[in-house]
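Values in this document were obtained by computation on a predicted structure and should not be read as measured data. Residue numbering restarts at 1 for every chain, and letters A, B, ... go by the order of the sequence lines. The figures that follow rest on heavy atoms only: side chains count, while hydrogens, waters and symmetry mates do not.
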Amino acid sequence: MAATSLPITLHHRLSPPPPPPPTTYIPPNKDRYFSNHPTLQLITQSSNPNQLKQIHAQMLRTGLFHDPFSASILVSAFALAPLQDLDYAHQLFDQIPQPNIYTWNALIRAYSSSQAPIQSLLIFTRMISRFDEVLLPNKFTFPFVIKAAAKLLDMKVGKVLHGMAVKMSFASDVFILNSLIHLYASCGCLDSAYRVFLNVPVRDVVSWNSMITGFAQGDRADDALNLFLEMQGEGLRPDEVTMLSVLTAKKLDLKVGKWVHSNIVRNGITGSLNLNNALVDMYVKCGSLKDAEKLFDKMPEKDIVSWTTMLVGYAKSGNYITARRHFESMPRQDIAAWNALISAYEQTGNPKEALAVFNELQMSNKAKPDSVTLVSVLSACAQVGAMDMGGWVHVYIKKHKIKLTCHLVTSLIDMYSKCGDLNKALEVFDSSGDNKDVFVWSAMISGLAMHGHGRDAIECFTKMQEAKIKPNGVTFTNLLCACSHTGLLQEGRDLFKKMEPVYGITPGVKHYACMVDMLGRAGHLEEAISLIKTMPMPPLASVYGALLGACKLHGNVAVAEQASARLLELEPWNHGAYVLLSNVYAKSGKWDKVANLRKRMKDVGLKKEPGCSSVEVNGIVHEFIVGDNTHSQSKLIYEKLIEVFEKLKSIGYEPNRSQVLQCVEEEDVQDHALHLHSEKLAIAFGLISLTKSQPIRVMKNLRVCGDCHNVAKLISKAYDREILLRDRYRFHHFHAGECSCKDYW
DNA sequence: ATAGGGTTAG
């Protein structure tokens with residue numbers, strides 16, 4: 001025994017002599033007899049596994065361990081102490097010849113709240129299926145095993161346990177019933193949970209809380225609130241857990257949130273750190289920074305969560321300066337704080353800032369990136385098209401052995417797809433094992449779709465079903481998108497028809513927009529229009545945008561005028577509508593209408609979103625806007641462009657005039673406008689700074705114009721280059737004078 | 001001698 005340990009020997013010397021082993025002497029009331037034993041008291045005071053192990057040794061020496069009661073105390077100490085050692089507890093348990101129900105319960109309980117709740121059920125099964133001695137579970141056993149089933153989301157086991165409990169006439173035990181409410185609610189069976197709830201003879205506050213939590217987290221915020229009111233109507237006082245449950249309900253608007261807050265004050269449950277944090281979070285999510293700040297400022301106690309919640313509030317609402325100041329004044333900046341900044345930038349369309357903060361984190365070395373950080377960074381890379389950086393993150397994940405969660409796999413697939421390397425995306429997908437969730441599959445389908453591999457996308461969907469993964473609404477958006485890009489009209493129609501009856505997914509506006517796009521693109525404008533008429537919900541701008549895009553493709557002026565009118569009713573600021581309509585006019589030679597439209601745009605003070613293209617060279621993303629001359633190699637770029645056009649003209653290139661107005665930002669330089677489109681600048685820069693073996697990967701924020709599309713095709717042939725161009729809509733892969741979209745875009 | 005509900009940030 002180590003000298004530094006607790007003076008157990010000393011303590012023991014002061015205690016009465018050990019009782020004889022129970023084999024020779026069994027006291028009439030053994031539990032009472034041993035319960036005051038000093039060694040047992042020492043167990044309850046001990047919080048250190050090493051101390052407990054010494055006590056174990058001691059008990060073996062003195063024979064105390066042979067007493068079932070004493071052994072049980074020791075097992076539960078190992079099983080339940082804050083510094084628990086479940087393996088040790090289990091081993092101890094196996095050495096007890098006749099464990100009693102208390103001992104069984106202790107182990108079952110410990111495992112039910114552990115990382116391996118399945119053990120809890122296994123031990124339970126062992127207990128009830130022994131041949132030598134029948135030991136029945138008691139009313140304490142059930143809450144433990146039901147909790148284990150709830151953690152495992154195992155309804156089947158849960159139902160069996162429910163049946164057993166009823167058979168053993170525990171059907172009115174409020175503890176067991178409350179556990180069952182929790183079980184059914186966590187398995188998503190809110191109706192079953194509610195049925196149990198209604199059958200509780202005397203509901204206590206935990207019954208109400210369990211049911212309210214079930215509704216709140218099961219997307220039934222209204223039911224949760226109603227139950228909360230009903231509870232108070234029945235004279236039960238809500239406690240802190242009640243309020244936390246109510247606050248976790250999604251879709252709380254500010255009015256209801258404030259009402260909940262006032263309720264907390266009225267019931268005198270204020271002041272707890274947890275509750276205050278939840279309230280700050282609620283105010284942030286409801287978009288009321290003012291209320292969040294007010295509460296944050298007067299909170300008597302704040303922890304890192306309070307600070308981070310507030311930081312998220314500032315960052316997500318675009319108050320970057322305040323966010324930064326708040327960040328600097330935080331007591332410590334852990335990785336969650338960095339994540340709050342990075343993800344806020346990434347999610348509000350500022351991917352470059354997100355990457356800058358990530359770089360700062362790397363340089364400062366103040367916190368270690370975790371999977372949340374990397375997911376945000378990968379998403380920022382995807383937005384910018386920064387594949388070198390994205391690949392670096394991929395290597396980082398491998399090098400630091402960061403667990404490849406489905407979330408990370410999804411982000412990697414998305415990043416490689418959006419940066420133009422579909423093969424890498426497929427590689428990640430194929431090597432990601434059998435635990436692909438619906439997001440991983442959907443990301444892969446989306447990647448195949450944006451690169452124009454419609455058939456492969458549908459095949460991927462077939463495999464997804466073979467893998468028994470249930471598709472969601474996003475899966476179908478991606479699938480329909482794939483059909484649309486590839487012109488798989490019949491396949492798209494079939495999928496759309498099957499959504500509701502076969503897959504139980506109600507088509508949303510996005511799905512209708514995809515269908516309108518698909519039909520319109522294929523020239524079925526009438527069918528697209530009648531589909532819009534049958535939509536059960538009001539069409540959003542995207543639907544008319546799709547129709548307008550189809551009109552541009554097929555030069556239908558009449559429908560285009562209607563579609564753009566409707567589109568501008570919904571979004572008067574939508575410059576895309578003006579651009580597309582002017583393209584339609586230009587295509588049919590109505591130049592007066594084009595001029596008119598331009599004047600109208602000027603009158604409403606609408607400035608077109610500037611076209612912007614970027615190209616990555618050796619890990620640095622170079623951005624170009626139309627007519628850009630700010631680049632350090634601007635002179636070389638323009639010289640290259642002149643050379644390119646000479647060469648292309650010699651092989652028969654003629655500028656496509658109808659595209660002049662695709663980008664209205666070149667108003668002042670109309671004549672040269674086509675030559676100065678940002679994607680052409682980016683391609684020219686790629687030509688002079690990348691080797692022939694490197695594909696030129698250009699990312700554009702808007703749709704590519706017809707002339708640039710044509711030019712890219714010609715360059716790919718004349719210069720024997722691979723050019724990848726991502727526009728707002730899809731990828732174009734230019735090679736040997738052809739484009740992967742087969743001019744269907 | 002043992003039980004049930006909430007852990008809020010990314």
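No contact: Val375(A) has no heavy atom under 4.0 Å from any strand. Residue contacts for Thr373(A): at a heavy-atom cut-off of 4.0 Å it reaches no nucleic acid atom on any strand shown. At a threshold of 4.0 angstrom between heavy atoms, the contacts of Lys285(A) are confined to the sugar-phosphate backbone, with no base atom among them. Note on Ala336(A): a base of the nucleic acid sits closer than 4.0 angstrom, heavy atoms only. In this structure, Asp303(A) reaches neither bases nor backbone, as no heavy-atom distance under 4.0 Å exists between it and the strands shown.
A donor-acceptor contact under 3.5 Å is not formed by the side chain of Asp239(A) with the base of dG6(B). With hydrogens and angles ignored, no donor-acceptor pair closer than 3.5 Å exists between the side chain of Asp281(A) and the base of dT8(B). Judged by distance alone, with hydrogens and angles left aside, Asn274(A) brings a side-chain donor or acceptor within reach of the base of dT8(B), the pair sitting under 3.5 Å.
As rounded to whole Å, 14 Å separates atom C1' of dT7(B) from atom CG of Asn276(A). Spacing between atom CG of Leu374(A) and atom P of dG10(B) amounts to 17 Å, rounded to whole angstrom units. Straight-line distance from the CE atom of Met310(A) to the P atom of dA9(B): 14 Å, rounded to whole Å. Atom CZ in Arg332(A) sits about 11 Å away from atom C1' in dA9(B), given to the nearest Å. Rounded to whole Å, the distance from CZ on Phe170(A) to C1' on dA3(B) is 12 Å. In this structure, CE of Met168(A) is placed 19 Å from P of dA3(B), rounded to the nearest angstrom. Counting to the nearest Å, the C1' atom of dT2(B) and the CZ atom of Phe142(A) are 15 Å from each other. Rounded to an integer number of Å, the gap from Leu275(A) CG to dT7(B) C1' is 11 Å.
In this structure, CE on Met164(A) lies 9.0 Å from OG1 on Thr141(A), to the nearest 0.5 angstrom. Taken from OG in Ser306(A) to CG in Leu295(A), the straight-line distance is 9.5 Å, to the nearest 0.5 Å.
Side-chain proximity of Ala278(A) to the nucleotides dA9(B), dT8(B), dT2(B) is greatest for dT8(B). Closest to the side chain of Pro143(A), from the set dA3(B), dT2(B), dG6(B), is dA3(B). Taking the side chain of Thr308(A) as heavy atoms from C-beta on, and the options dA9(B), dG6(B), dT2(B), the nearest nucleotide is dA9(B). Minimum atom distance to the side chain of Phe140(A) is reached by dT2(B), of the listed dT2(B), dG10(B), dT7(B). With dA9(B), dG6(B), dA1(B) as the choices, the nucleotide that has an atom nearest any side-chain atom of Val241(A) turns out to be dG6(B).
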For the pair Trp208(A) and Phe228(A), evaluate ring-ring contact (aromatic ring centres under 6.0 Å, His included) and give the outcome as yes or no after the intermediate values. CA-CA 8 Å; Trp208(A) 290 92; Phe228(A) 174 59; 10.0 Å; no
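Using a 4.5 Å heavy-atom threshold, the side chains of Ser76(A) and Thr103(A) count as separate. Annotation: side chain of Val372(A) is not in contact with side chain of His407(A) (no heavy-atom distance under 4.5 Å).
Residues from residues 147-167 of chain A with heavy atoms under 4.0 angstrom of DNA chain B, sorted by number: Lys147(A).
One finds no salt bridge joining Asp191(A) and Arg195(A) here, because no Lys/Arg side-chain nitrogen approaches an Asp/Glu carboxylate oxygen to under 4.0 Å. A salt bridge links Glu360(A) with Arg324(A): the closest approach of a Lys/Arg side-chain nitrogen to an acidic carboxylate oxygen falls below 4.0 angstrom.
Phosphate proximity of dT7(B) to Gln217(A): present, with a side-chain N or O under 4.0 Å from OP1 or OP2.
Stacking between Phe175(A) and the base of dA3(B) is present: ring centres sit under 5.5 Å apart and the planes differ by under 30 degrees.
Between Phe327(A) and Trp338(A), the distance separating the two ring centers is shorter than 6.0 angstrom.
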